[in-house]
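Have a look at the structure below, then the notes.
Every heavy atom of this structure was used, including side-chain atoms; hydrogens, water molecules and symmetry mates were not.
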Amino acid sequence: MSPPGRRLPVRRRVPLWPEMTRPDLSEREPGALARNATARRWAVDAAIAAVVTAAQVGGALTTWHHDGGTAHDGGAGPLACVLLAVGGASLIARRRYPVGVLAVTLVTTLWASSESAHVIYLALVVAFFSAVLARKRAAAIASLVIGYAASVWPWLIGQSGHPSAAFALGLAAGLIFLLSAAELIRMRSQRATALQRGREEELRRRASEERMRMARDLHDVVAHNISVINVQANTALHLMDRQPERARSALTTINDVSKQALVELRSVLGVLRDVDESAPRAPSPGLARLSDLVDSAAAAGLAVHVEEAERPTPLPADVDLAAYRIIQEALTNTARHSGGTKATVRVAYDDGALIVEVEDDGIPRPGGSGFRPGRPGNGIAGMTERAKALGGTLQAGPRPEGGFGVRAWLPVHGGEP
């Protein structure tokens, strides 16, 4: 077998199953994270409501005491303070009932204002922004119109004892600015949410691709090596009494192949956990290890002839790995299902692409899942996925002259098939 070398290439790790490595409360109770997030939101809303209520009621009481405890000339009476407190406390439910909270704060604020209180419109502003962020634009704009009409009484503008035209225009401009600021914050919030959602979807996509890659690698490693072990085990059983030396040789092959399989499995599964740095490692799978596949196929009773053209440039690691795995799977299927004794592997380079062909002289067995007509097994599907992942193509099927053939076209520098 090949001497230990460098580790199999492992792509950037993706959190496939975070709970396997970072156990938390969510493992013990599925809804714990959701409940914790809800509790934090309620705590934040309660804190905002308390601060706003204290600011509004405190400001009104300061004015009331300054005026000697009377409600004349702008002093805030007890009723106004209660109304301001109710409006501020309602902010606790601003996320769940944005329109209802906006209505409550609008009514209490206007009512308190009618009591001649020096009203701080903080609760109404917070409720307005919450409604806009919740996409309740109609309710938010309606509150502006109602508040503006109740504050300036447009049909009385400019008359004695009523707001002037300059004040009415200034208030209108201020409300328009408030609506514009709320819309700007809403758009930025939506953009941030969309970006976060995109990142999460990208992580899920990459995790799915990583699982598929690992599944293909595990299938290739296990299927190939188990096939060799199965053939050699049968040989040992039949020859144990008559030809013990050949049986010993078969058992030695089983020992070597099983060790190689364990090394490759360790490398494949290394993406899920940290492996022992002192553990033996197989060289990275690639066309440089094509002779290993030939030896394994020979141990399974399949004579393989290799025709490889001179490599013009070094292959990218993903293309090299895909070519190796496709050849490995094709030879495994030949040994398991075709019933042939010879196979030919051709590796050629043409116009920025790598062409891999594997042909055998066997006849597909009726029970062979890998070469059942019209119903490809996991092996062919895995080879096809590997080729498509690189932008290539793969064709597999019976040959007119007999046997079975696999042809893969893998782009190296963005060529066309």
Side-chain angles (χ1 to χ4, degrees), residues 1-14 16 206-225 227-228 257 260-272 275 280-297 304 306 308-309 311-333 345-350 352-358 378-396 406-415 417:
M1 305 306 291
S2 299
R6 54 191 179 93
R7 184 190 300 190
L8 283 170
V10 178
R11 300 178 182 176
R12 185 177 183 270
R13 294 188 178 183
V14 178
L16 304 182
R206 289 169 53 197
S208 178
E209 291 178 353
E210 190 72 7
R211 285 193 292 268
M212 290 297 297
R213 185 190 68 81
M214 289 183 58
R216 289 194 298 265
D217 286 344
L218 286 173
H219 174 272
D220 293 342
V221 171
V222 173
H224 177 76
N225 290 287
S227 296
V228 175
V257 171
Q260 182 71 13
L262 290 175
V263 171
E264 292 193 15
L265 285 175
R266 176 184 290 273
S267 299
V268 172
L269 296 177
V271 71
L272 294 179
V275 297
R281 296 180 179 84
S284 299
L287 295 180
R289 291 183 56 193
L290 195 54
S291 58
D292 292 348
L293 294 181
V294 173
D295 294 341
S296 297
V304 180
V306 178
E308 183 176 6
R311 191 176 307 178
T313 57
L315 292 174
D318 51 354
V319 176
D320 199 22
L321 174 62
Y324 176 88
R325 292 302 188 191
I326 289 172
I327 296 173
Q328 182 184 50
E329 180 62 27
L331 293 178
T332 299
N333 286 341
V345 176
R346 298 186 184 91
V347 180
Y349 306 87
D350 179 40
L354 172 66
I355 301 175
V356 175
E357 295 180 347
V358 180
N378 292 331
I380 294 180
M383 291 189 290
T384 303
E385 289 173 0
R386 285 188 181 278
K388 287 184 176 180
L390 299 174
T393 59
L394 185 135
Q395 300 172 339
V406 174
R407 185 181 189 275
W409 181 91
L410 306 175
V412 178
H413 300 297

(request) Would you give the length of the straight line joining atom OG1 of Thr393 to atom CG of Leu410, rounded to the nearest 0.5 angstrom? (result) 8.0 Å
(message) Side chains of Leu331 and Val345, heavy atoms from C-beta outward: is any pair under 4.5 Å?
(response) yes
(message) Looking at every non-hydrogen atom in both residues, tell me the closest pair between Ala323 and Val356 and how far apart they are.
(response) CB-CG2, 4.0 Å
(request) Would you check if Leu394 and Arg407 make a side-chain contact, meaning some heavy-atom pair closer than 4.5 Å? (result) no
(request) Would you give the length of the straight line joining atom CD of Glu329 to atom OH of Tyr324, rounded to the nearest 0.5 angstrom? (result) 12.0 Å
(message) So, applying side chain to side chain contact (heavy atoms under 4.5 Å, CB included) with Val358, which one of Ile327, Val304, Ile326 is it?
(response) Ile327
(request) Mind checking salt bridge (charged side-chain N to carboxylate O under 4.0 Å, His left out) for Arg346 and listing every partner two or more places apart, or none if nothing turns up? (result) Glu307, Glu357, Glu359
(message) Is it the case that the side chain of Asp320 and the backbone of Leu287 share a donor-acceptor pair, with hydrogens and angles ignored and the cut-off at 3.5 Å?
(response) yes
(request) Of all the heavy-atom pairs spanning Ala330 and Val406, show the shortest one and how long it is. (result) CB-CG2, 4.3 Å
(request) Taking side chain to side chain contact (heavy atoms under 4.5 Å, CB included) as the test, write out the residues that go with Glu385, two or more places apart. (result) Met212, Arg216
(request) Determine, stepwise, if the pair Val306 / Leu290 fulfils side-chain contact (heavy atoms from CB on, under 4.5 Å). (result) CA-CA 9 Å; Val306 178; Leu290 195 54; 3.5 Å; yes
(message) What's the separation between atom OG1 in Thr332 and atom CD in Gln328, rounded to the nearest 0.5 Å?
(response) 5.5 Å
(request) Give, for atom CH2 of Trp409 and atom CG of Leu390, the distance between the pair rounded to the nearest 0.5 Å. (result) 10.0 Å
(message) For Ala348 versus Ala309, what's the shortest heavy-atom pair and its separation?
(response) CA-CB, 4.2 Å
(message) Could you work out, with side chain to side chain contact (heavy atoms under 4.5 Å, CB included) as the rule, every residue matching Asp295, not counting sequence neighbours?
(response) none
(request) For residues Tyr349 and Glu308, report the shortest heavy-atom separation together with the two atoms involved. (result) OH-OE2, 3.8 Å
